[in-house]
Amino acid sequence: MPSMLPYRRHEPSVDPIPLVLDSPHSGEFYPEDFDHAPPRELVRQAEDTHVARLYRGAPGVGAALIEANFPRAYIDANRSLADIDPDLLADPWHEPVAPSRKTELGIGLVWRMARGGVPMYERKLAAAEVQRRIEHWYLPYHRALQALLDARHAAFGAVWHVNCHSMPARGDALSDDPGRERADFVLGDRDGTTCDAAFTALVAAELRAMGYDVAINDPYKGVELVRIHGRPAERRHSLQIEIKRTLYMDEQTLAPNAGYAKLERDLDRLLAAIRAHVLGQR
Ligand SMILES: [Zn+2]
């Protein structure tokens, strides 16, 4: 077993409310067996660097926050287990395979490409090593998030889940919108299927009132985590929030920029508004 835990959980510091945040892509611990070919600086551009830190106000509003410690390029917690590219593997894969558009782009469960479309590996991966990544990193993260959502739902009869991400300011070769400048925030509810419309509308309205431009389901609709956990008919609401990285960091060096502190304050305001919404809906 690797010495690093697969995730970190931040418990509410006040009375819990049925709100859970997860940051699947901000992990910065690179396991020793991740022998990527491009330089680490390029591979790290896959990360949603700083995202879990930007939401550090979550426990203060009664939310729990869970963050992955492993890097998204190593194994992507926001993909389905079937989203695998058999061509990446040296030997046969004995589980179901259903490559999505993300795998076609090189960014499925195990990324084949680094940012800009540079191959991630100089070799094929053994099926057994991918299996280990799933067992040691991916599944524990998924189980922990599921347990947290189930516990809040059991206690309150409803749960709101915010799946936290950041995105490059412009689409590249690995995206469906190459070259296009993104909005400041992109909310994804898989075309209105993963949460109550009122939740998406509330988050959009709060961010717009702070002066941000907000797109909805364009170009990101939300992927695996909101798909699994968003079942509004069961009062399980999941919303993906993508933040444009240039609002808070330099996309090359990953260093926080002058906007970081303001964004953090604005996310605190957003969390306070979500708290009020959640308490009002219970
Ligand atoms: Zn992400």
Side-chain angles (χ1 to χ4, degrees), residues 6-8 20-30 42-56 58 65-81 83 100-103 105-116 120 133 137-138 141-142 144-145 161-177 180 182-190 194-195 203 207 214-230 238-251 254 256 260 263 267 270:
Y7 60 86
R8 251 199 317 168
V20 174
L21 279 71
D22 94 292
S23 179
H25 290 159
S26 53
E28 298 173 339
F29 174 77
Y30 281 70
L42 182 67
V43 177
R44 287 201 65 189
Q45 289 183 28
E47 290 174 15
D48 296 349
T49 318
H50 306 301
V51 163
R53 282 187 287 275
L54 282 163
Y55 286 97
R56 69 180 177 183
L65 166 65
I66 179 167
E67 57 174 308
N69 286 333
F70 52 95
R72 175 259 190 111
Y74 181 66
I75 186 152
D76 192 332
N78 199 28
R79 299 288 182 262
S80 101
L81 286 176
D83 198 354
S100 73
R101 171 85 183 130
K102 299 287 188 190
T103 277
L105 291 165
I107 55 173
L109 178 67
V110 177
W111 282 30
R112 191 163 44 76
M113 295 291 187
R115 180 142 177 94
M120 190 72 79
R133 294 181 191 189
W137 303 97
Y138 178 103
Y141 183 80
H142 273 251
L145 176 59
H161 165 222
V162 178
N163 183 227
C164 307
H165 296 265
S166 67
M167 61 187 164
R170 281 179 189 280
D172 76 343
L174 308 186
S175 49
D176 283 318
D177 60 343
R180 185 165 65 128
R182 270 87 181 250
D184 295 327
F185 284 83
V186 177
L187 309 184
D189 61 9
R190 296 183 64 90
T194 63
C195 64
V203 173
L207 291 169
V214 179
I216 297 177
N217 294 309
D218 174 30
Y220 295 110
K221 294 180 189 294
V223 191
E224 182 67 2
L225 288 161
V226 298
R227 188 189 70 77
I228 303 173
H229 298 297
S238 279
L239 178 68
Q240 174 173 289
I241 302 182
E242 293 272 3
I243 306 170
K244 182 153 79 173
R245 291 181 187 155
T246 46
L247 289 178
Y248 71 89
M249 73 171 178
D250 181 297
E251 288 192 273
L254 313 182
Y260 188 99
L263 177 64
L267 293 177
L270 176 65

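Nothing fancy with the numbering, it's 1 onward along the sequence. Each ligand, and each atom within it, is numbered from 1 in the order the structure gives. Since the model is a prediction, treat every value here as computed from it, not as a measurement.
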Looking at His165, the N, O or S atom sitting nearest the Zn ion (ligand 1) is ND1

Pairwise distance CZ(Arg133) to OH(Tyr138) - rounded to 0.5 angstrom: 14.5 Å

May I ask you to decide whether Arg53 forms a salt bridge with Glu67, counting only side-chain N to carboxylate O separations under 4.0 Å? no

N/O/S atom of Asp48 under 2.8 Å from the Zn ion (ligand 1), yes or no? yes

Any N/O/S of His25 under 2.8 Å from the Zn ion (ligand 1)? yes

Please report the interatomic distance NE2(His25) to CZ(Phe70), rounded to the nearest 0.5 Å. 8.5 Å

Is the number of heavy atoms from other residues, nucleotides or ligands under 6.0 Å of Arg56 CZ greater than 12? no

